[in-house]
Each structure stands twice: as structure tokens, then as C-alpha cells.
Amino acid sequence: MKRTEAVDRAIKKYEAEKVDRIVIRVPKGKKEKIADFAAQNGESTNGFINRVINEAMKK
């Protein structure tokens, strides 16, 4: 099912108010390996990266 324009606007508004974006660059092929690793552990790529950052920052 295709998202409606209203849903797209709501997502865009939420992200503008609540989310900061960080772009990272990885060598070709590594993005897929990261995504596969995260999925094998029941996480999204974003969730995995955020968890690892949070754990590192607690040290």
C-alpha cells in the first residue's frame, strides 16, 4: 500500500522537529555487511549504530 501525502508530511514534520541526521561513509560493501549483522541480531541498521555509539559513549 502506498503512503499518502498526509503521512509523508507527518513524517517530514516529525523528523524536522525530533531527528538530527549524520551521514557516514564506509567502504563499498561494508554497508551491506553492517545491515546483515544488525538484522542477524534483531536490530535495524540505525538501531545498531545508535546502540554501539551509546555504549561507546558510556565508557
Side-chain angles (χ1 to χ4, degrees):
M1 185 164 85
K2 187 174 178 180
R3 288 193 325 211
T4 65
E5 288 183 30
V7 170
D8 287 341
R9 282 192 308 271
I11 291 169
K12 187 175 180 178
K13 180 181 178 201
Y14 174 84
E15 287 186 348
E17 293 174 358
K18 308 286 184 185
V19 177
D20 287 328
R21 290 185 175 267
I22 298 174
V23 176
I24 64 167
R25 291 174 178 83
V26 295
K28 285 274 187 191
K30 192 164 188 178
K31 177 182 172 184
E32 185 176 322
K33 289 179 182 179
I34 293 168
D36 290 345
F37 182 85
Q40 289 171 8
N41 289 285
E43 295 181 284
S44 67
T45 302
N46 191 68
F48 167 68
I49 292 169
N50 273 302
R51 180 179 57 77
V52 171
I53 290 168
N54 289 337
E55 288 175 1
M57 290 177 71
K58 286 180 184 177
K59 292 182 180 181

Within this structure, what is the NZ-CD1 distance for the pair Lys31 and Ile24, rounded to the nearest 0.5 Å?
10.0 Å

Distance check, rounded to the nearest 0.5 Å: Ile11 atom CD1 versus Arg9 atom CZ?
11.5 Å

Please check if atom CD in Glu55 has more than 12 non-hydrogen atoms from other residues, nucleotides or ligands closer than 6.0 Å.
yes

Among the clusters formed by ILVMFWY side chains lying less than 4.5 Å apart, do Phe48 and Val19 turn up in the same one?
no

Identify the heavy atoms of Ser44 and Ala38 that sit nearest to each other, and give their distance.
O-CB, 3.6 Å

Please step through side-chain contact (heavy atoms from CB on, under 4.5 Å) for the pair Ile49 and Ile22, ending with a clear verdict.
CA-CA 11 Å; Ile49 292 169; Ile22 298 174; over 6 Å; no

4.5 Å side-chain heavy-atom contact, Lys33 and Val26:
no

Would you say Tyr14 ends up clustered with Val7 if hydrophobic residues are merged whenever their side chains have heavy atoms under 4.5 Å apart, either directly or through other cluster members?
no

For Glu15, does the CD atom sit with more than 12 other heavy atoms under 6.0 Å from it, leaving out its own atoms?
yes

